[in-house]
Amino acid sequence: MELSKNYTPSQVEDKWYQHWIDKKYFISQPDGRPAFTVVIPPPNVTGVLHMGHTLNETVQDILVRKARMNGYNACWVPGSDHASIATEARVVNMLKEQGIDKASLTREEFLNYAFEWKDKYGGIIYSQIRKLGCSVDWDRVTFTMDDHYYKAVIKVFIDLYDKGLIYRGARMINWDPKAKTALSDEEVEYKELQGTLYHVRYPLYDPAGAATGEYITIATQRPETIMGDTAICVNPSDERYAHLKGFTASVPLVNRSVPIIFDEYVDPAFGTGALKVTPAHDINDYNLGLKHNLPIVDTLNDDGTLSAAAGFAVGVDRFKARKMVVEELRKQGLLVGEETYATRLGYSQRNPDTVVEPRISTQWFLKMQELAGPALTAVDSGDIKIHPGDRFLATYRYWLENVKDWCISRQLWWGQQIPAFYAPDGTFAVAATAEEAAARLGLPVTGLRQDPDVLDTWFSSWLWPIEVFNGITQPGNADIKYYYPTSVLVTGQDIIFFWVARMIMAGMEYEHQKPFNDVYFTGMVRDKQGRKMSKSLGNSPDLLDLIDRYGADSVRFGIMIAAPAGNDLLFDEASLEQGRFFNNKIWNALKLVKGWEARQTGSSAEEPFAVRWFDQRLREVRSELESQFADFRLSEALKTLYSLIWDDFCSWYLEWVKPGYEQPISSSVYQTTVHFFERLMELLHPFMPFLTEEIYHLLHPRGEGDDLCILQWAPVQSTDPAILGQGAFLKNAISAIRDARNKQQVKPKDLIRLWVQGSAHLDEILPLLQKQTGSEYVYLNIEPEAGAVSVVVGTTVFSLKAPHTLDTGLQREQLQKDLDYQRRFLDSVEKKLGNRFFVSNARPDVVELERKKQADALAKIKTLEENLQALE
RNA sequence: GGAUCUUUAGCUCAGUUGGUUAGAGCGCUUCCUUGACAUGGAAGAGGUCGUUGGUUCGAAUCCAAUAGGAUCCACCA
């Protein structure tokens, strides 16, 4: 069969993925083998996979494929998240573009549109996962709004409510005025920016209510909330304001009379030392208000415009209102100063342009403290191991120890609707159905109204490792017993609180067991300038386009080779190109081997050195890989394989066994070479599944079911350091002689004569040395001819002569340089050995090593000196 | 304000319990195209491991301080 010049992934990848699917290799059912379970971090259903996903999915696939080849029953569950707020926002936008206002739709109509949208776009991520080669069990696809999953979320809500962990109440929460919903604390992202601090003066009145003609000046960033002020607060120890006890101030624009109150909370050194208190719109003010029993005046609507209660700029957006208020204050002479001020504002995670508004609102909350305890222990005790180790432990612990109650209700429609039913009088019952609620309340069903809100997306995804196996809806079923706890969770460090910590809580609460043994955090993928990938920067590449241009294996290679565990990685298409070159290298090695004509030679009593050496290298790497995988050092594992294949196999081994032009190769060497090639493909398969499967099949005709994908790795075998050392020496010697040829400007085609003088056992490597250095003759332990040029490797001297006269001056220079270096080295070693503390304190093997270094250096110096002398 | 991470070759990074002459990829330099591959081959140059102290026989590695970079957390308007 004619093999093409270069490897073309597109023709290969789809074919093999379909084959694996047809063979049901990715489908898992409980059996007698140990399980290796991974649940995919479900991407947003309407999203596309970005480079962060690509990294995560690749890591998972590597782990899963390796486990599958190591005797495990590998099960990787794919799925997607309904992503309540993100999806709803997109559906609302889509409707707006069609001229439909969400407010004009009923809940049912809206949900119909949303499901339509989900069906239309939800498939994209799955096709991307497929294209990337992920070996997921497609029979287990789970969506967080699937029937059973929906029921599980409701069941858990009711359970936690019955346990007294969920409650409903009015609290200060974070409000997203664009999405018009409450958010959890975690969904608020703070950004530093320059703000303005306005100094505003309020007229003062004495305890009798008479105008004093004096003013108190406060400092505020948010003048538009002035109309919600219900007090002015100063520090009780602040002498500037001590005389104001019992006084009141008049709030500008609305002329509301508010008390001057005293509280240690106020920092006299900040601003003017006087604080306006707006309990409805600031968490600190809210707390002050509770303490001092202040009234609450809510001056904002849910869309961020000023409400009727403001009495000024009513209906105007808060930022525009701010300008109007400032203008008005200035006009009235009450604005007495402005200063720029570095501040922090909270933005909505899902609407990154929207400033979150602290607001008092009646919401549902989950008490976190009780759930946090077991989740903390699970990680602290080492039961769950986090990789990379200690880095996230402190963060995790701090969050759990200081965790606040979780606001779980959202004023949205896309999601699991809260199972609370209200009677007309406002009393309510929490139950799975209206009927049950009615029974609990002792009221007719007809009058009940279900809470319109839905639950936070994370309130469903925290059940993911359990409910993908129906562990909530069918507790104790065969799947959950077999697959839970899962083996490893691979995810981004950015969702450690949103998801990881909460999954551990849910796991401990509902399965009384950790949800996973290991957590592997990948870093964030940035562009090569180190910037975050974002749509607005246009630096976020399209995965399918990359796969089109490079092939999935190259994409996987490119992202893995650059991905140190836990550290951010700078994504550069150059590394994908490197992956493509690697594909091509392997492809051409295949072409070389396939081009050989194998012939029975009969006389092969012993395996050639090249074969014995490469066998040892394979064993060595096989065991290195094992420890790298155990520590999740995947990019290192890939580098190890890259170098094994490119350098040791292609550059050394294949060149060593390669027959002369149009010469046959011994059939035993040929078969061993094919065998080596298969082992290499086997080890590389988890990283680059398509190419390796293709090569595996091209190397040798395969029977039914003989696929690399399900091949089992051979066990780790011990290595022979003598052969490995011999191989390393041979490589060094070849390089040194080639270097000498280069420096002496010997043409590649010119043959040299080579003298070898040394004590090492050189017989078996001599033929390889001759072949690889372009030597016509090799003389062993014979005095070289005059005019030969020497190089020293270890204590072996290689001398060469070429057709043209060689420059011994150049050689002398080189030998002298070498000698100087060795003398300096010997110096440092002898200094060490001359130190009696070293000899008495260091480990004996270390001292022994130094002695050997000393002996080697002495021998080498002697050889160098002799050679230099011979040149005189 | 608290905490964590990070600083090693021009660039991006390895360097696992302290112990060969600190490694890789990319980039760079020189040479090489009719026999697997120029998406290639052969070879080479390039680092006093941020700085300063300390512990030690011995420090890129451990400790302290300091400087630069990054991230997370926190209710000073």
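Residue numbers begin at 1 in each chain, while the letters A, B, ... track the order of the sequences.
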Separation between the [atom1] atoms of [N] and [M], rounded to whole Å:
| N | M | atom1 | answer |
| --- | --- | --- | --- |
| C49(B) | C32(B) | C1' | 36 Å |
| A38(B) | U34(B) | C1' | 14 Å |
| G69(B) | U8(B) | P | 14 Å |
| U7(B) | U12(B) | P | 12 Å |
| A77(B) | C5(B) | C1' | 32 Å |
| A70(B) | C75(B) | P | 24 Å |
| C11(B) | C73(B) | C1' | 33 Å |
| U33(B) | G40(B) | C1' | 9 Å |

Checklist outcome for this item: One should read off an interatomic distance between L768(A) CG and I734(A) CD1, to the nearest 0.5 angstrom, of 6.5 Å
Checklist entry - Aromatic rings F582(A) and W646(A): how do their planes relate, parallel, tilted or perpendicular, breaks at 30° and 60°? => result parallel
Checklist entry - Do the ring planes of F270(A) and Y341(A) sit parallel (below 30°), tilted (30 to 60°) or perpendicular (above 60°)? => result perpendicular
Find the distance [X]:[atom1] to [N]:[atom2] and express it as a whole number of Å.
| X | N | atom1 | atom2 | answer |
| --- | --- | --- | --- | --- |
| M524(A) | C5(B) | CE | C1' | 14 Å |
| L634(A) | U16(B) | CG | C1' | 15 Å |
| L570(A) | G25(B) | CG | C1' | 14 Å |
| L569(A) | G25(B) | CG | C1' | 14 Å |
| K639(A) | U16(B) | NZ | C1' | 15 Å |
| R741(A) | A42(B) | CZ | P | 14 Å |
| F392(A) | C72(B) | CZ | P | 11 Å |
| D263(A) | C75(B) | CG | C1' | 13 Å |

Item to check | pair L644(A)-E620(A): side-chain heavy atoms closer than 4.5 Å | outcome: no
Checklist entry - With a 4.5 Å limit on heavy-atom distance, are the side chains of M524(A) and K532(A) in contact? => result yes
Looking only at the side chain of [X] (C-beta and beyond, no hydrogens), which of the listed nucleotides [options] gets closest?
| X | options | value |
| --- | --- | --- |
| N841(A) | C57(B), A77(B), U39(B) | C57(B) |
| A842(A) | U4(B), C73(B), C57(B) | C57(B) |
| A589(A) | G41(B), A36(B), A77(B) | A36(B) |
| K404(A) | A3(B), A77(B), C75(B) | C75(B) |
| N588(A) | C37(B), U39(B), G19(B) | C37(B) |
| R526(A) | G19(B), U71(B), A36(B) | U71(B) |
| N835(A) | A77(B), U20(B), C57(B) | C57(B) |
| R344(A) | A77(B), A74(B), G19(B) | A74(B) |
| K591(A) | A36(B), U4(B), A77(B) | A36(B) |
| R738(A) | C76(B), A43(B), U20(B) | A43(B) |

Classify [X] by what it touches in the nucleic acid, base, sugar-phosphate, or nothing, heavy-atom distance under 4.0 Å.
| X | value |
| --- | --- |
| C233(A) | nothing |
| W596(A) | nothing |
| Y265(A) | base |
| S651(A) | sugar-phosphate |
| S735(A) | sugar-phosphate |
| E577(A) | nothing |
| F825(A) | base |
| R580(A) | base |
| L275(A) | base |
| K528(A) | nothing |
| V277(A) | nothing |
| K585(A) | base |
| D739(A) | sugar-phosphate |

Next on the checklist: Between R359(A) and E357(A), does any NZ, NE, NH1 or NH2 come within less than 4.0 Å of an OD or OE carboxylate oxygen?
Outcome noted: no
Checklist entry - Given G41(B), is OP1 or OP2 found less than 4.0 Å from the side-chain N or O atoms of W646(A)? => result yes
Next on the checklist: Nearest heavy atom decides the nucleotide; on that basis, is E655(A) or D647(A) closer to the 5' end of RNA chain B?
Outcome noted: D647(A)
Next on the checklist: Between K817(A) and N284(A), which residue's closest nucleotide on RNA chain B lies nearer the 5′ terminus?
Outcome noted: K817(A)
Within a 6.0 Å radius of atom [atom1] on [X], are there more than 12 heavy atoms belonging to other residues, nucleotides or ligands?
| X | atom1 | result |
| --- | --- | --- |
| K191(A) | NZ | yes |
| Q745(A) | CD | no |
| K731(A) | NZ | yes |

Next on the checklist: Which residue in the set W587(A), F581(A), Y550(A) passes ring pair (Phe, Tyr, Trp, His ring centres under 6.0 Å) when paired with Y7(A)?
Outcome noted: W587(A)
Next on the checklist: Give me the stems containing RNA chain B, sorted by first residue, counting only three or more consecutive Watson-Crick or G-U pairs with both distances under 3.5 Å; say none if there aren't any.
Outcome noted: B:1-7 with B:67-73, B:10-13 with B:23-26, B:28-32 with B:40-44, B:50-54 with B:62-66
Checklist entry - Is it true that the side chains of T773(A) and S775(A) contain a donor and an acceptor less than 3.5 Å apart? => result yes
Next on the checklist: Using the ring centroid of each side chain, check whether Y398(A) and F392(A) are separated by less than 6.0 Å.
Outcome noted: no
Checklist entry - So, F649(A) versus Y653(A), ring centres under 6.0 angstrom or not? => result yes
Checklist entry - Short question: side chain of T217(A), backbone of R201(A) - any donor-acceptor pair under 3.5 Å? => result no
Checklist outcome for this item: Going 5' to 3' through nucleotides 26-34 of chain B and flagging B where a protein heavy-atom sits under 4.0 Å of the base, S where only the sugar-phosphate is that close, and - otherwise, we get ------S--
